[in-house]
*Asks:* 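The structure is given below, and queries will be raised subsequently.
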Amino acid sequence: MMRSWRVIPALVLSVPALVATPAVADRPDLRVSVVQDGLSHPWDLAFLPDGRMLVTERDSRRLSLATPGGSRRTVFTAPRHMWAAGETGLMSVEVAADFARSRGIITCHGYRRGGVQDVRVVRWQLSSAGTSASYVRTLVSGLPSTSGRHGGCALAKGPRNQLYIGTGDAATGRNPQRLTSGGGKVLRVDATTGRPVASNPFIRSSNRMKQRVFTYGHRNVQGLARRSDGTMWSVEQGSYRDDEVNRLAKKANYGWNPVPRKATDPAYNEGAGSPMTDHRLPGAQRGARWRSGSSTVAASAGAFVTGRSWGDWRGALAVSALKDTSLRLLRFSKGGSLRGTWKPAALDGRYGRLRGAVAGPDGALYVTTSNGTNDKILRVAAGG
């Protein structure tokens with residue numbers, strides 16, 4: 001299917017502050033344009049080295065390629081055994097670090113065949129024309145799946161051909177703290193083979209999934225972003241409160257443990273008895289670097305913005321939100337402490353639910369909407 005890009009007139013707005021610093025004058029004007037429309041629940045996007053854009057649509061299980069000339073073509077739709085239900089479908093996409101040689105791309109998606117149902121990470125080879133992709137290998141399988149709830153799967157490149165995989169807990173209470181489960185984790189594997197990275201904290205385990213674990217105790221990792229200092233950060237949806245942004249540290253436990261504490265508790269306990277970071281667990285738990293507080297916003301993805309045009313906000317983490325229909329930029333110190341927040345009016349409720357957030361090679365931020373009909377890819381450029 002071919003579609004033309006439709007660019008709307010630029011929208012330039014000054015934006016109010018949520019915190020006192022940095023000053024309003026230090027915030028760039030934002031120009032928002034629609035570069036793609038006619039999508040349905042686009043979950044993620046990734047840029048090829050030549051600037052073309054891969055786009056996933058969750059429910060239809062469609063992977064598309066947006067070309068520099070402004071058209072969009074389908075690479076594949078619903079390959080055999082790819083499964084979608086609820087919050088699970090065709091989710092994250094990443095371009096392999098060796099794409100120039102291998103034309104490798106990586107997806108995370110639901111899978112069902114016979115009695116097997118899971119979430120898995122698969123490597124494909126994109127054809128030279130960009131019109132199809134052939135299966136290469138499954139990098140990771142066996143990530144837990146139930147009804148489709150909390151099946152989210154985020155991918156991000158690390159150094160030296162490493163691939164980070166953020167997973168949901170599949171709404172099963174013991175998964176986040178069970179190290180032999182791939183649910184509620186951030187895994188770290190080789191992006192070509194799927195083997196665990198040799199420096200992973202549990203590499204000596206006899207269990208292959210545990211060998212892949214980098215961090216654990218997560219609820220539903222929706223986004224991963226690598227900062228310029230090499231640290232990896234996660235965006236995680238909260239339960240009845242507290243969406244989180246976490247700075248990931250090897251072997252760290254982020255404290256999600258939604259198991260019953262008394263006979264009257266539900267089997268999957270998301271109430272006040274199970275805080276997002278439960279410090280009653282054995283050992284030390286890592287607290288979030290940012291949390292939404294008493295009302296969740298359904299934080300859904302994150303990207304560190306680049307480019308001089310972002311001024312004092314260059315290097316801030318842009319976090320998209322579904323329920324709150326907004327974008328937040330979070331400034332962190334070198335040590336990872338929160339220093340300021342900004343909720344730009346240009347993306348506050350104007351486009352509905354915001355799902356993906358990816359830094360483009362041109363210094364702009366690319367954001368996807370998730371309203372279900374005529375969803376869009378937005379280009380957010382700083383500096384007017």
Side-chain angles (χ1 to χ4, degrees), residues 1-10 28 30-39 42-57 62-76 90-107 123-134 154-159 161 163 191 223-228 301-310 314-315 318 320 327 347 351 354-369 375-384:
M1 177 178 62
M2 305 286 289
R3 290 182 183 270
S4 295
W5 290 19
R6 180 171 62 84
V7 179
I8 62 173
L30 298 184
R31 186 179 298 270
V32 181
S33 56
V34 176
V35 296
Q36 285 277 343
D37 61 8
L39 297 162
W43 211 94
D44 195 17
L45 54 90
F47 287 90
L48 299 181
D50 63 6
R52 291 183 296 174
M53 184 191 311
L54 291 165
V55 184
T56 62
E57 292 172 85
R62 179 167 58 187
L63 178 69
S64 301
L65 180 65
T67 67
S71 63
R72 188 172 78 239
R73 64 181 64 181
T74 296
V75 177
F76 63 61
L90 177 56
M91 295 171 289
S92 195
V93 61
E94 185 59 275
V95 176
D98 64 353
F99 178 85
R101 176 181 59 82
S102 69
R103 299 196 62 80
I105 62 174
I106 303 166
T107 63
R123 186 169 174 125
W124 310 80
Q125 184 178 56
L126 185 68
S127 68
S128 58
T131 55
S132 64
S134 56
L155 303 176
K157 287 195 289 279
N161 201 40
L163 178 69
L224 291 173
R226 188 181 179 205
R227 202 180 188 190
S228 60
F304 289 99
V305 296
T306 60
R308 296 180 182 275
S309 60
W310 290 91
R314 183 183 184 183
S320 53
L327 186 80
L347 285 155
Y351 298 96
L354 304 182
R355 176 35 261 176
V358 176
D362 56 357
L365 179 70
Y366 288 77
V367 177
T368 67
T369 72
D375 280 315
K376 299 171 176 62
I377 297 174
L378 310 174
R379 181 180 183 271
V380 184

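Starting from 1, each residue takes its place in the sequence as its number.
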*Asks:* Which atom pair, heavy atoms only, marks the closest approach of Glu57 to Ser64?
*Replies:* OE2-OG, 4.0 Å
*Asks:* For Thr131, enumerate each residue passing the side-chain contact (heavy atoms from CB on, under 4.5 Å) test, keeping only those at least two apart in sequence or located in another chain.
*Replies:* Arg73, Ser127, Ala129
*Asks:* Can you confirm whether Val34 sits close enough to Leu378 that some side-chain heavy atom of one is under 4.5 Å from a side-chain heavy atom of the other?
*Replies:* yes
*Asks:* Between Asp44 and Ser92, do the side chains contain an N or O donor and an N or O acceptor separated by less than 3.5 Å?
*Replies:* yes
*Asks:* When rounded to the nearest 0.5 angstrom, what distance separates CG in Leu54 from CG in Leu63?
*Replies:* 5.5 Å
*Asks:* Do Tyr351 and Val32 have side chains that get closer than 4.5 Å, going by heavy atoms?
*Replies:* yes
*Asks:* Go through the structure and list residues passing side-chain contact (heavy atoms from CB on, under 4.5 Å) with Ala301, not counting sequence neighbours.
*Replies:* Ser320, Arg355, Ala357
*Asks:* Measuring only between side-chain heavy atoms, which start at C-beta, is Lys157 closer than 4.5 Å to Glu94?
*Replies:* yes
*Asks:* Would you please name every residue forming a ring pair (Phe, Tyr, Trp, His ring centres under 6.0 Å) with Phe47, sequence neighbours left out?
*Replies:* Tyr366
*Asks:* Check side-chain hydrogen bond (donor to acceptor under 3.5 Å, both in side chains) between Thr369 and all other residues, then give those that pass, not counting sequence neighbours.
*Replies:* Asp375
*Asks:* Who passes salt bridge (charged side-chain N to carboxylate O under 4.0 Å, His left out) against Arg123, sequence neighbours left out?
*Replies:* Asp98
*Asks:* Please tell me if the side chains of Phe304 and Ser228 come closer than 4.5 Å, counting only heavy atoms from C-beta onward.
*Replies:* no
*Asks:* Quick one: closest heavy-atom pair of Ala154 and Leu224, and the distance?
*Replies:* O-CD1, 3.6 Å
*Asks:* Within the 4.5 Å heavy-atom criterion, are Val358 and Met53 side-chain neighbours or not?
*Replies:* no
*Asks:* Does Arg314 have any salt bridge (charged side-chain N to carboxylate O under 4.0 Å, His left out) partners at least two apart in sequence or in another chain, and if so, which?
*Replies:* none
*Asks:* When you measure from the side chain of Arg103 to the backbone N and O of Leu126, does any donor-acceptor pair fall under 3.5 Å?
*Replies:* yes
*Asks:* Using side chain to side chain contact (heavy atoms under 4.5 Å, CB included) as the criterion, point out the one residue from Ile377, Thr56, Val367 that pairs with Leu45.
*Replies:* Ile377
*Asks:* Does some side-chain heavy atom of Val380 sit less than 4.5 Å from a side-chain heavy atom of Val305?
*Replies:* no
*Asks:* Minimum heavy-atom separation for Pro28 and Ser309, please, with both atom names.
*Replies:* CB-O, 3.6 Å
*Asks:* Mind checking whether Thr368 and Trp43 have side chains closer than 4.5 Å, heavy atoms only?
*Replies:* no
*Asks:* What is the minimum heavy-atom distance between Ala133 and Phe76, and which atoms define it?
*Replies:* CB-CD2, 4.1 Å
*Asks:* State, yes or no, whether a side-chain contact exists between Ile106 and Leu155 at a heavy-atom distance under 4.5 Å.
*Replies:* yes
*Asks:* What's the separation between atom CG in Leu48 and atom CZ in Phe99, rounded to the nearest 0.5 Å?
*Replies:* 4.5 Å
*Asks:* Quick one: closest heavy-atom pair of Leu365 and Ala303, and the distance?
*Replies:* CD1-CB, 4.1 Å
*Asks:* Could you tell me which non-hydrogen atom of Gly302 sits nearest to which non-hydrogen atom of Ala225, and how far apart they are?
*Replies:* O-CB, 3.6 Å
*Asks:* When you measure from the side chain of Trp310 to the backbone of Gly363, do you find a donor-acceptor pair of N or O atoms at a distance under 3.5 Å?
*Replies:* yes
